[in-house]
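Below: one structure, written as structure tokens.
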Amino acid sequence: MAIYTDWTMDVSTLVATESPMQARISTGPWILRCLRTPLLTAFLWLIPPFAAADNPVIISHPSVYAQSLSRDALLAMFAMRSQRWSDGQPVKVFVLNKDHPTHKAFATEVLGTYPYQLERIWRRLVYSGTGRAPQVCADEAEMRHKVLSTPGAIGYVGTIEEGDLNVIRVE
């Protein structure tokens, strides 16, 4: 009669069994322990994160009459491909520093791209001489001030404040 060894519930406990069938049966808790982390991780990916409710907000100068824009129209504006608003007014784009958390959230969650891709587009425009990069703001307070004082301006902030008169909804 052969004796098989198997690790069960606790690593420090070594259980001797008399047959391979008993060894397979006793591995049940070990298998559950191994699968617990991947199953929990998969379940948590299905739950939307709470931070998703805090998407950056697009703001514009009060002279801009747009109430909502599609994601594609926003991407065209922030990629500097769309130069004018629907009423013919020139678009002036303001962005935050590439390392700012609001900029990263705006690029990924609102525009559906990555910040480095926007940087690449802007560098290509500048180096080829075919366009200009947007004006970079140091923080959200500066962004609000510049957007509200520049006709045709568009930008984004992390949260809405009382002074944000024209908030553009993303369709």
Side-chain angles (χ1 to χ4, degrees), residues 32-171:
L32 290 178
R33 268 197 324 234
C34 290
L35 293 176
R36 179 176 48 198
T37 303
L39 289 175
L40 182 61
T41 304
F43 177 72
L44 290 177
W45 276 102
L46 297 175
I47 299 172
F50 293 106
D54 298 321
N55 282 346
V57 179
I58 292 90
I59 58 172
S60 67
H61 187 269
S63 67
V64 174
Y65 295 112
Q67 302 269 328
S68 65
L69 290 171
S70 68
R71 180 182 286 214
D72 292 337
L74 275 174
L75 183 58
M77 283 185 182
F78 282 92
M80 309 305 282
R81 289 192 311 255
S82 180
Q83 302 290 324
R84 300 206 172 265
W85 290 99
S86 59
D87 62 356
Q89 185 175 197
V91 174
K92 181 69 176 170
V93 178
F94 292 94
V95 296
L96 292 170
N97 188 349
K98 67 179 180 179
D99 297 324
H100 198 284
T102 304
H103 176 70
K104 292 177 182 177
F106 173 74
T108 56
E109 296 171 14
V110 177
L111 296 180
T113 187
Y114 293 104
Y116 74 87
Q117 291 173 320
L118 288 175
E119 289 286 326
R120 188 180 300 158
I121 291 168
W122 299 333
R123 278 194 306 259
R124 188 179 321 129
L125 288 172
V126 171
Y127 295 145
S128 68
T130 59
R132 299 180 129 183
Q135 189 167 1
V136 178
C137 300
D139 58 10
E140 291 186 20
E142 182 183 354
M143 170 81 75
R144 281 188 171 86
H145 174 72
K146 287 187 175 184
V147 167
L148 293 176
S149 63
T150 308
I154 187 169
Y156 53 88
V157 290
T159 58
I160 299 174
E161 286 185 2
E162 192 173 321
D164 300 334
L165 300 176
N166 198 16
V167 175
I168 296 179
R169 184 173 36 90
V170 181
E171 294 177 338

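For reference, positions follow the sequence shown, starting with 1. Fair warning: this is a prediction, and the values are worked out from it, not measured in the lab.
The two atoms that bring P62 and L148 nearest to each other are CD-CD2, 4.2 Å, heavy atoms only. Of all the heavy atoms in V110 and P56, the pair that sits closest is CG2-O, 4.0 Å.
Counting heavy atoms from C-beta outward, Q135 and V93 have side chains that stay 4.5 Å or more apart. I59 is not listed as a side-chain neighbour of Y156, based on a closest heavy-atom distance of 4.5 Å or more. Considering only heavy atoms from C-beta on, V95 stays 4.5 Å or farther from C137 through its side chain. At a threshold of 4.5 Å between non-hydrogen side-chain atoms, the residues I154 and L74 count as touching. Inter-residue side-chain proximity for S63 and D87 is flagged as unmet; no heavy-atom pair is nearer than 4.5 Å.
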(Q) Show, in sequence, the C-alpha distance, side-chain angles and deciding distance for F106 and N55, and conclude whether the side chain to side chain contact (heavy atoms under 4.5 Å, CB included) test is met. (A) CA-CA 7 Å; F106 173 74; N55 282 346; over 6 Å; no
**Q.** Step-by-step side chain to side chain contact (heavy atoms under 4.5 Å, CB included) determination, L75 to T113
**A.** CA-CA 9 Å; L75 183 58; T113 187; 4.2 Å; yes
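Sorted by first and then second residue, the salt bridge (charged side-chain N to carboxylate O under 4.0 Å, His left out) pairs with a member in residues 115-140 read E140-R144; sequence neighbours excluded.
From T102, atom OG1 reaches atom CG of N97 across 11.5 Å, with rounding to the nearest 0.5 Å. The distance from the CG atom of L69 to the CD atom of E171 is 7.5 Å, given to the nearest 0.5 Å. Note that the CG atom of L111 and the CG atom of L118 stand 6.0 Å from one another [nearest 0.5 Å].
With sequence neighbours excluded, no residue satisfies salt bridge (Lys or Arg N to Asp or Glu O under 4.0 Å) with K104. Taking the side-chain hydrogen bond (donor to acceptor under 3.5 Å, both in side chains) definition, one finds that E142 meets it with K146, sequence neighbours left out. When the ring-ring contact (aromatic ring centres under 6.0 Å, His included) test is applied to Y116, the partners found at least two apart in sequence or on another chain are Y114. Qualifying side-chain hydrogen bond (donor to acceptor under 3.5 Å, both in side chains) partners for S149, counting only residues two or more places apart in sequence or in other chains: none. Qualifying side-chain hydrogen bond (donor to acceptor under 3.5 Å, both in side chains) partners for S70, counting only residues two or more places apart in sequence or in other chains: none. Shown here are the side-chain hydrogen bond (donor to acceptor under 3.5 Å, both in side chains) partners of K98, two or more places apart in sequence or in another chain: there are none. Shown here are the ring-ring contact (aromatic ring centres under 6.0 Å, His included) partners of Y65, two or more places apart in sequence or in another chain: there are none.
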With a cut-off of 3.5 Å and sequence neighbours excluded, list every side-chain donor-acceptor pair involving residues 79-86.
residue: Q83; atom: NE2; partner: M80; partner atom: O; Å: 2.6
residue: R84; atom: NH1; partner: G88; partner atom: O; Å: 2.9
residue: W85; atom: NE1; partner: G152; partner atom: O; Å: 2.9

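Using cut-offs of 30° and 60° for the angle between ring planes, the W122 and H103 rings count as tilted.
Judged by distance alone, the side chain of R169 and the main-chain N or O of Q67 form no donor-acceptor pair under 3.5 Å.
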